[in-house]
Every structure is written in structure tokens, then in C-alpha cells.
**Q** 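Have a look at this one before I ask anything.
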Amino acid sequence: MKLATFNINGIKARIEALPRWLEAARPDVVTLQEIKSVDEAFPRTLFEDMGWRVETHGQKSFNGVAILSRLPLEDVTRGLPGDEADEQARWIEATVIGEGRAVRLCGLYLPNGNPVEFEASGRPIASGKYGYKLAWMARMEARARALLALEEPVVLAGDYNIIPQDEDAARPEVWRSDALALPESRAAFRRILHLGYTEAFRAQVQGPRHYSFWDYQAGAWEKNNGIRIDHLLLSPQAADLLRDVKIDKAARGEEKPSDHVPVWIELDA
DNA sequence: ATGGTTGCGTAGCAA
């Protein structure tokens, strides 16, 4: 089973690039982030005509996640539990029915968290967008813990807006006081990992200069000034099935690209 | 130091 995650930065803007990538990469399932569309405006039939099942959790103008699948999906749920008042569309789950076995798949778009406010002492203040990010991650930790209790293959795939370590940025010094790299953000990410998840990419690839996002500005792509913020976390039962992982870097160099590239894994399922 | 870009939606925010 080939599972991918792809922050497309707007379905309307990627109406050509996304189908092109799907045809070339042929994943079985894809979680999409930043569809930036309400469910009714998502071009569902375009993908259904290509053979994809389509499940969206959209929102006007911002955020929005979706799952496209060639395999059957069951028990689709929308929204991250833990805050009924949260209206941001950043979480979708489905059970993917593979040939061998089923995988519980979560597609997530973790809050960016910028701008961060600081006290005079230099300590970040956990309020506003940064506070929302940390609170959201605490809710995700609870959901990730509950999913582990299933003792089944679980994949948490998406745009985490977390640079896990300095080696995951071309210019780590630029990100020191950014919500994507602040110690509290990284610690919250590690807390989820340390529940018992495996980060798929780092299970197979070591070392610097592996990125999944390059800013549109200031020639970031041309200078390879990127960051690695799109991740797939695997429960132990999923990690045991991991065969291959790849960041599809070439997608960033194609026509009208997203600022993120797809990351995919191959599971023995 | 500043501006550098793209998307959504048609101003200004988000990233």
C-alpha cells in the first residue's frame, strides 16, 4: 500500500498539477492539506472520474484537508477531538482497506503558530496563534495515544509545521524563534513520537538537506533553502510494515508547483 | 534593512 501526504496549497491552483502527480506517482491513498475550499466547491467528480474515492473536510479560503483513495475507505471522521468550539478544518480520519490488512489513516494540517509573541526575558508566550498550535498539539497527542491503544497499523500523515531538528532546515538560525522550530513546538512533536510512533522518513534516511517545503519567496527553491515539515508517523504495527519512503522533491520543479512536495511511504499491507 | 511570492477572492490576511 502506497500512502502519500501532499500540502497542495489550494485545490483550484493545483487543478492541473495534482492530477498530473497522481497519474505519475500512482499512490493508493493521499492525504491532502490546504485544499482552501469548502466541500461543495471541491472538484470531486474530476477525481472520481479518475478512479478516486473522495472525502473532504473543507473550509472557506483557508485550511481544509481531504483523503483521495483508490482503495475502499471506512469509518471516515472529520475534526480533531477535544474542542467542540474549534472551527478550523485540519483533521480527517479513515480506515483504508488494503489487500492484506486495514490501516487507520489520519490526515492532518497542524497549525503554523506564527506570529509568536515574546516576553522581555525572551520566553515565548503561549497565546494567540502560537497558543492555538500548542493546544492543538496537546489534543493531537491525546488522539494519537488513543489510536495506539487499538494496536493496529496507524499512519498520521500531514503537514506538521514542525522542523524536528536543525538538520531539517537549510538555515536553522533563521528559524530559531519561529513557531515551527521553537523548543516547545519540537518538544510537543517529540511527545507524540515518544508515545510509540516512528517517523517514517528518519527510519530510513539520515543526514541533512532533505526538505519538503521551499518558500515561493527569495529564490528559496533555486538555493535549496528548504525545511522538512511534512511527516508520516507510524504506530508500531505500521512501522513493522514499512518498506520504502520518499520525498518527491522533483514535484517542486514542475509547472505551477505547490510550495510543498509530496512525501510517500510504501507499506507491506 | 527591506523585500522578496503565492493563494483566495477581490482587501488584506495567511503562509
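Order of the sequence lines sets the chain letters (A, B, ...), proteins ahead of strands, with each chain counted from 1. Just so we're clear, the structure is a prediction, and the values are computed from it rather than from any experiment.
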**Q** Sequence neighbours excluded, which residues qualify as ring-ring contact (aromatic ring centres under 6.0 Å, His included) partners of Tyr109(A)?
**A**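 Not a single residue meets the ring-ring contact (aromatic ring centres under 6.0 Å, His included) criterion with Tyr109(A).
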
**Q** Between P on dG4(B) and CG on Asp215(A), what's the gap in Å once rounded to a whole number?
**A**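 Whole-Å distance recorded here is 13 Å.
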
**Q** dG7(B) and dT2(B): how far apart are their P atoms, nearest whole angstrom?
**A**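 Approximately 27 Å lies between the P atom of dG7(B) and that of dT2(B).
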
**Q** Using atom P in both nucleotides, what's the gap between dT10(B) and dA14(B) to the nearest angstrom?
**A**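 Approximately 15 Å lies between the P atom of dT10(B) and that of dA14(B).
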
**Q** With distance as the sole criterion, is a donor-acceptor pair present between the side chains of Lys133(A) and Asn112(A) under 3.5 Å?
**A**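 Per modelled atom types, Lys133(A) and Asn112(A) side chains form no pair under 3.5 Å.
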
**Q** Tell me: CD of Gln59(A) to P of dG9(B), nearest whole Å?
**A**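 So the two atoms are 11 Å apart, to the nearest Å.
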
**Q** Rounded to the Å, how far apart are Asn225(A) CG and dT5(B) P?
**A**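 Interatomic distance, CG of Asn225(A) to P of dT5(B): 15 Å.
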
**Q** Could you check how far OH of Tyr130(A) sits from P of dA15(B), rounded to whole Å?
**A**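 Atom-to-atom, Tyr130(A) to dA15(B), this comes out as 16 Å.
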
**Q** Hey, mind stepping through Arg20(A) and Glu255(A) against salt bridge (Lys or Arg N to Asp or Glu O under 4.0 Å) and telling me if it holds?
**A** CA-CA 10 Å; Arg20(A) 194 192 318 133; Glu255(A) 197 166 333; 5.4 Å; no

**Q** Looking at Trp52(A), is Arg70(A) sitting on its ring face, NZ or CZ under 6.0 Å from the six-membered ring centre and within 45 degrees of the normal?
**A**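 Flagged: Arg70(A) positioned over aromatic ring of Trp52(A).
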
**Q** Under 3.5 Å, is there a donor-acceptor pair between the Trp264(A) and Glu266(A) side chains?
**A**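 No donor-acceptor contact under 3.5 Å links the two side chains.
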
**Q** Could you check Phe213(A) against Ala13(A) and say which one's nearest nucleotide on DNA chain B is further toward the 5' end?
**A**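 Whichever sits nearer the 5' end wins; that is Ala13(A).
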
**Q** Please state how far atom CZ in Phe62(A) lies from atom P in dT6(B), giving the value in whole angstrom units.
**A**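 That distance rounds to 18 Å.
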
**Q** dG7(B) phosphate, OP1 or OP2: any side-chain N/O from Lys256(A) under 4.0 angstrom?
**A**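 So the side-chain polar atoms of Lys256(A) do come within 4.0 Å of the phosphate oxygens OP1 or OP2 of dG7(B), strictly under.
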
**Q** Can you check the distance between dG9(B) and dG3(B), where both ends of the measurement are the P atom (answer in whole Å)?
**A**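 Taking atom P in both dG9(B) and dG3(B), they lie 27 Å apart.
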
**Q** Does OP1 or OP2 of dA14(B) have a side-chain N or O of Lys129(A) closer than 4.0 Å?
**A**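 Yes, such a contact exists.
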
**Q** What integer distance in Å separates Ile163(A):CD1 from dA15(B):P?
**A**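 Going from CD1 in Ile163(A) over to P in dA15(B) covers 15 Å.
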
**Q** Could you give the NZ-to-C1' distance, from Lys60(A) to dG7(B), as a whole number of Å?
**A**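 Nearest whole value for this atom pair: 13 Å.
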
**Q** Given dT6(B), dC8(B), dA15(B), which nucleotide is nearest the side-chain atoms of Tyr216(A)?
**A**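 Selected nucleotide (nearest to the side chain): dT6(B).
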
**Q** For Ala218(A) and for Pro257(A), locate the closest nucleotide of DNA chain B by heavy-atom distance; then report the residue assigned to the nucleotide nearer the 5' terminus.
**A**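 This one resolves to Ala218(A).
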
**Q** Any donor-acceptor pair under 3.5 Å linking the side-chain atoms of Asp178(A) with those of Asn114(A)?
**A**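 Note: Asn114(A) and Asp178(A) side chains meet the donor-acceptor criterion.
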
**Q** Quick one: Trp214(A) CH2 to dG4(B) C1', roughly how many Å, whole number?
**A**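 Answer to the nearest Å: 19 Å.
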
**Q** Distance check, rounded to the nearest 0.5 Å: Leu233(A) atom CG versus Arg202(A) atom CZ?
**A**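 Nearest 0.5 Å value for the CG-CZ distance: 13.0 Å.
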
**Q** Given dG9(B), is OP1 or OP2 found less than 4.0 Å from the side-chain N or O atoms of Lys12(A)?
**A**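 Yes, Lys12(A) has a side-chain N/O under 4.0 Å of OP1/OP2 on dG9(B).
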
**Q** P atom, dA1(B) versus dC13(B): distance in rounded Å?
**A**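 Result for the P pair: 26 Å, nearest Å.
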
**Q** Just do the side-chain contact (heavy atoms from CB on, under 4.5 Å) check on Val154(A) and Tyr197(A) with the steps written out, would you?
**A** CA-CA 9 Å; Val154(A) 176; Tyr197(A) 285 90; 4.1 Å; yes

**Q** Gln33(A) and Thr5(A): side-chain donor and acceptor closer than 3.5 Å?
**A**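 A donor-acceptor contact under 3.5 Å links the two side chains.
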
**Q** From the list dG7(B), dA15(B), dG9(B), which nucleotide is the closest neighbour of the side chain of Ser61(A)?
**A**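 Among the listed nucleotides, the one closest to the side chain of Ser61(A) is dG9(B).
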
**Q** Does anything in residues 164-182 of chain A come within less than 4.0 Å of DNA chain B? Heavy atoms only, and list the residues if so.
**A**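 Listed by number, there are none.
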
**Q** Got a sec? Which of residues 106-118 of chain A come in under 4.0 Å of DNA chain B, heavy atoms?
**A**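 Residues of residues 106-118 of chain A that come under 4.0 Å of DNA chain B are, in numerical order, Tyr109(A), Asn112(A).
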
**Q** Evaluate the ring planes of Phe189(A) and His231(A), with Trp represented by its six-membered ring, and classify them as parallel (under 30°), tilted (30 to 60°) or perpendicular (over 60°).
**A**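 Because their plane-to-plane angle lies in the 30° to 60° range, the rings of Phe189(A) and His231(A) count as tilted.
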
